[in-house]
There are 4 protein chains.
Amino acid sequence: MGEPLVLERIVEASRKLFARKGFHATGMRDIAKLAQVSIGSLYHYFRSKDELFLAVVRRAFEERLAQARELMRQGLPGPEILRHVLDLHFAGFAAEPEAAQLLGRVWAPEDPALWKKLSALVDEYAQAIAAILQEAQASGAIRPVHPLLAAYALLGMAGAVTLRAAGKDPVAQEFREKGAQELAELAWHALRP
Amino acid sequence: MGEPLVLERIVEASRKLFARKGFHATGMRDIAKLAQVSIGSLYHYFRSKDELFLAVVRRAFEERLAQARELMRQGLPGPEILRHVLDLHFAGFAAEPEAAQLLGRVWAPEDPALWKKLSALVDEYAQAIAAILQEAQASGAIRPVHPLLAAYALLGMAGAVTLRAAGKDPVAQEFREKGAQELAELAWHALRP
Amino acid sequence: MGEPLVLERIVEASRKLFARKGFHATGMRDIAKLAQVSIGSLYHYFRSKDELFLAVVRRAFEERLAQARELMRQGLPGPEILRHVLDLHFAGFAAEPEAAQLLGRVWAPEDPALWKKLSALVDEYAQAIAAILQEAQASGAIRPVHPLLAAYALLGMAGAVTLRAAGKDPVAQEFREKGAQELAELAWHALRP
Amino acid sequence: MGEPLVLERIVEASRKLFARKGFHATGMRDIAKLAQVSIGSLYHYFRSKDELFLAVVRRAFEERLAQARELMRQGLPGPEILRHVLDLHFAGFAAEPEAAQLLGRVWAPEDPALWKKLSALVDEYAQAIAAILQEAQASGAIRPVHPLLAAYALLGMAGAVTLRAAGKDPVAQEFREKGAQELAELAWHALRP
DNA sequence: TATGAATGAGAGTTCATTCAT
DNA sequence: GATGAATGAACTCTCATTCAT
């Protein structure tokens with residue numbers, strides 16, 4: 001069937017570069033080159049670099065939330081849901097380091113306009129996690145905590161460790177191997193009743 | 001005596017702006033203006049914007065480490081040291097929001113050269129925290145964890161919550177008020193034996 | 001019968017936009033949108049944006065010349081022809097401000113290639129007016145002047161006043177009301193024997 | 001001593017290029033090159049291309065107004081002032097064709113933001129001319145006309161003829177030679193009592 | 001005929017940095 | 001020590017134009 005669609009190539013290239021190098025270090029020319037697409041095409045599908053970044057982050061969040069919601073629909077017991085949520089969250093380390101890194105990149109938009117839209121997006125994601133925590137808390141699966149604040153804390157933990165795990169040094173290597181488990185354990189101890 | 005030293009004014013202005021707006025959104029002109037100093041002076045004291053940023057971050061880390069080491073010298077028992085370390089870490093929320101925000105900014109250097117130097121700095125800081133954790137762990141004050149990874153997790157938690165606490169909306173307000181306590185509690189539960 | 005012809009819609013939309021906003025501020029996308037036509041259609045009927053602009057200007061000139069020639073065929077005496085020519089020229093203020101504005105837009109082609117073709121068009125138009133002036137002059141209806149230069153002067157007068165009349169402020173309003181008469185009078189005094 | 005100041009070179013180069021090619025056809029790179037200055041220097045002295053263009057036009061207007069006011073201060077009789085004003089206005093044809101052309105360029109700003117500022121500038125200039133006309137009218141030196149509208153008409157006449165005089169063909173050559181005199185005569189006949 | 005996705009040169013602008021004074 | 005005019009590479013974004021369907 002032919003080469004992958006242009007739109008798909010753009011999003012994929014953006015995701016890789018934004019995750020790998022961050023927003024500012026990634027130029028539209030870089031994206032166009034990696035996607036093997038003209039700069040004009042970038043702007044055919046996205047109004048601006050900001051919109052492209054937001055689209056990439058939105059997609060990353062939605063994929064993760066879809067997974068989490070699927071688990072909830074399966075009716076797993078509270079602690080299990082939590083562990084799975086965290087597992088899925090950190091599974092990216094091994095499978096797709098780049099997508100995981102993206103979560104570490106959302107904390108520094110710097111540009112006021114982008115920051116506003118991005119933080120709304122992050123908030124939405126955090127609130128979805130908070131909702132899960134709240135439910136688990138209601139069923140006694142975890143201890144009482146401030147759900148949204150805890151959600152942000154979990155995201156921050158994941159982001160920091162993931163970014164550190166991106167390097168090529170032994171420590172990064174170790175983080176990539178043990179990160180998911182250690183973080184899940186830390187999170188579990190932080191939240192268990 | 002007399003007017004505050006030029007160097008001091010530069011560092012102070014940089015600290016405020018980098019913390020408030022981040023690395024890329026802060027221009028050398030902005031710093032020069034706020035510090036009431038010529039651009040030339042900036043380059044008299046610092047080789048580059050990168051170096052200036054690193055100096056600011058280094059100073060922030062050193063201040064916090066000095067406080068932590070002072071506590072250790074007082075021979076407090078393990079859990080107490082940990083609580084104080086965390087308290088000191090989060091006390092900035094109320095006293096000096098800007099310095100606290102800076103810790104949320106160190107995760108997005110983006111530029112390869114800066115990233116390398118900055119991550120070395122962060123590593124140093126994380127390792128100092130890890131050393132404290134390790135000692136507490138040796139004395140049985142906390143449960144066995146991967147010290148460095150746990151240190152990064154703590155830093156990430158703090159950074160994410162702090163950045164979210166910078167806004168003007170009710171959630172930010174709430175985070176500023178409860179952040180320190182909630183985070184300390186989450187951390188303590190995550191680490192206690 | 002049926003929907004207006006595509007070609008007609010394109011020319012009409014172009015005329016409106018070029019007159020209203022000028023050549024550079026009008027994009028092919030804007031024209032396509034207003035004409036409810038695809039960009040491809042624009043290029044099916046016109047080789048380029050330049051050609052489209054030229055076609056619009058050419059049509060505007062031809063309409064006016066046709067009116068002037070009709071008057072000449074009616075054998076009106078010299079001064080009458082002149083007044084009518086001017087009247088027709090300025091009648092657009094009230095009836096169709098946009099077409100009138102277009103005459104103020106032909107002075108700034110800026111692009112060398114377009115300028116060359118456009119100025120040839122303007123020259124043609126000016127020469128037609130000059131011919132009328134020359135005839136009137138031969139019959140003693142007006143005083144001896146340099147016909148072509150006077151034609152350009154008349155066009156410039158009309159263009160400048162018309163563009164100023166396009167605004168929404170009181171002066172523009174006043175210009176729209178009194179412009180035709182005042183200009184006709186100025187022109188008549190300038191040319192009468 | 002030494003080479004001409006950078007600011008002066010920028011303004012001079014801008015004046016030439018804007019007059020010769022118009023606003024859109026003149027790029028900041030072109031100006032920088034002709035002025036033998038870096039692009040950065042352009043922005044050191046002018047906030048934007050718009051501001052640079054406005055500065056050039058403003059200067060051109062002010063120079064002409066200064067000349068006109070000097071004549072008024074000398075207390076010449078009405079008609080004389082008018083003739084001189086027109087003479088000075090058109091003298092540029094021979095002495096400095098480029099500055100004269102600039103007056104033909106101010107009618108097509110096209111960009112809404114630039115248009116607003118530019119038309120305010122043109123209005124100011126036209127009003128100064130209108131004031132002169134009004135005074136001459138009060139003393140009976142010219143017949144009653146709408147001063148501002150007449151001012152715009154005069155400016156339009158001058159602009160159109162000047163732009164046509166810029167070419168290299170025989171007509172342009174002729175316009176350059178006879179333009180000033182013919183226009184002064186047309187204007188005088190249009191306005192005399 | 002008609003479409004609109006795709007192109008890419010070129011636009012205005014920013015900003016860390018240098019250096020003569 | 002201190003200054004700020006000068007630099008220019010690199011940025012995001014626009015837009016007339018092409019062409020496979």
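Remember, predicted model here, so these are calculated numbers, not experimental data. All chains are named by letter (A, B, ...) in the order of the sequence lines, taking the proteins before the strands, and each is independently numbered beginning at 1.
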Quiz item: CZ of A/Arg9 versus P of E/dA5: gap in Å, rounded?
Solution: 15 Å

Quiz prompt | D/Leu52 CG to E/dA11 P, straight-line distance once rounded to whole Å | solution = 15 Å

Quiz item: Out of curiosity, D/Leu118 CG to D/Leu54 CG, how far, rounded to the nearest 0.5 Å?
Solution: 6.0 Å

Practice problem: List the protein contact pattern of nucleotides 15-21 of chain E with one symbol per nucleotide (5' to 3'): B for base contact, S for sugar-phosphate-only contact, - for none; contact means a heavy-atom distance under 4.0 Å. | Solution: -BBB---

Quiz item: Over how many whole Å does the gap from C/Glu8 atom CD to E/dT1 atom C1' extend?
Solution: 18 Å

Quiz item: Does a side-chain N or O from C/Ser41 land closer than 4.0 Å to OP1 or OP2 of E/dT1, or not?
Solution: no

Quiz prompt | Protein-nucleotide distance (D/Ile31, atom CD1; F/dG8, atom C1'), rounded to Å | solution = 17 Å

Quiz item: Counting only side-chain N and O atoms of C/His44, is one of them less than 4.0 Å from OP1 or OP2 of E/dA2?
Solution: no

Quiz prompt | Rounded distance in Å - CZ (A/Phe53) to P (F/dC11) | solution = 17 Å

Exercise. Keeping to residues at least two apart or across chains, list the salt bridge (charged side-chain N to carboxylate O under 4.0 Å, His left out) pairs with something in residues 50-59 of chain B.
Key: B/Glu8-B/Arg59, B/Glu51-B/Lys117

Quiz item: Of all the base pairs, Watson-Crick or G-U under 3.5 Å, which form stems of three or more consecutive pairs involving DNA chain E?
Solution: E:2-21 with F:2-21

Quiz item: Given atom CD of A/Gln36 and atom P of E/dA6, what is their separation to the nearest angstrom?
Solution: 14 Å

Quiz item: To the nearest angstrom, how far is C/Leu42 atom CG from F/dC15 atom P?
Solution: 15 Å

Exercise. Evaluate the ring planes of B/Phe23 and B/Phe18, with Trp represented by its six-membered ring, and classify them as parallel (under 30°), tilted (30 to 60°) or perpendicular (over 60°).
Key: parallel

Quiz item: How long is the span from the CD1 atom in B/Ile31 to the CG atom in B/Leu52, to the nearest 0.5 Å?
Solution: 5.0 Å

Self-check item: Out of F/dA2, E/dA6, E/dA2, whichever nucleotide has its closest atom nearest the side chain of C/Tyr45
Solution: E/dA2

Quiz item: For DNA chain E, whose closest nucleotide is more 5', that of C/Ser38 or that of A/Val37?
Solution: C/Ser38

Self-check item: Beyond-backbone contact of D/Asp111 with C/His24, side-chain heavy atoms, under 4.5 angstrom
Solution: no

Quiz item: Does the pair D/Glu12/D/Arg9 count as a salt bridge with the N-to-O cut at 4.0 Å?
Solution: no

Practice problem: Round to the nearest Å and state the distance from A/Ile10 atom CD1 to E/dA5 atom C1'. | Solution: 10 Å

Practice problem: State, yes or no, whether a side-chain contact exists between D/His44 and D/Leu7 at a heavy-atom distance under 4.5 Å. | Solution: no

Quiz item: Taking it one step at a time, do D/Leu121 and D/Tyr125 satisfy side chain to side chain contact (heavy atoms under 4.5 Å, CB included)?
Solution: CA-CA 6 Å; D/Leu121 212 56; D/Tyr125 186 43; over 6 Å; no

Exercise. Measure from NZ or CZ of B/Lys49 to the centre of the six-membered ring of B/Tyr43, then state whether that distance is under 6.0 Å and the direction lies within 45° of the axis.
Key: no

Exercise. Name the nucleic acid region contacted by C/Phe46, choosing base, sugar-phosphate or nothing; use a 4.0 angstrom heavy-atom cut-off, strictly under.
Key: nothing

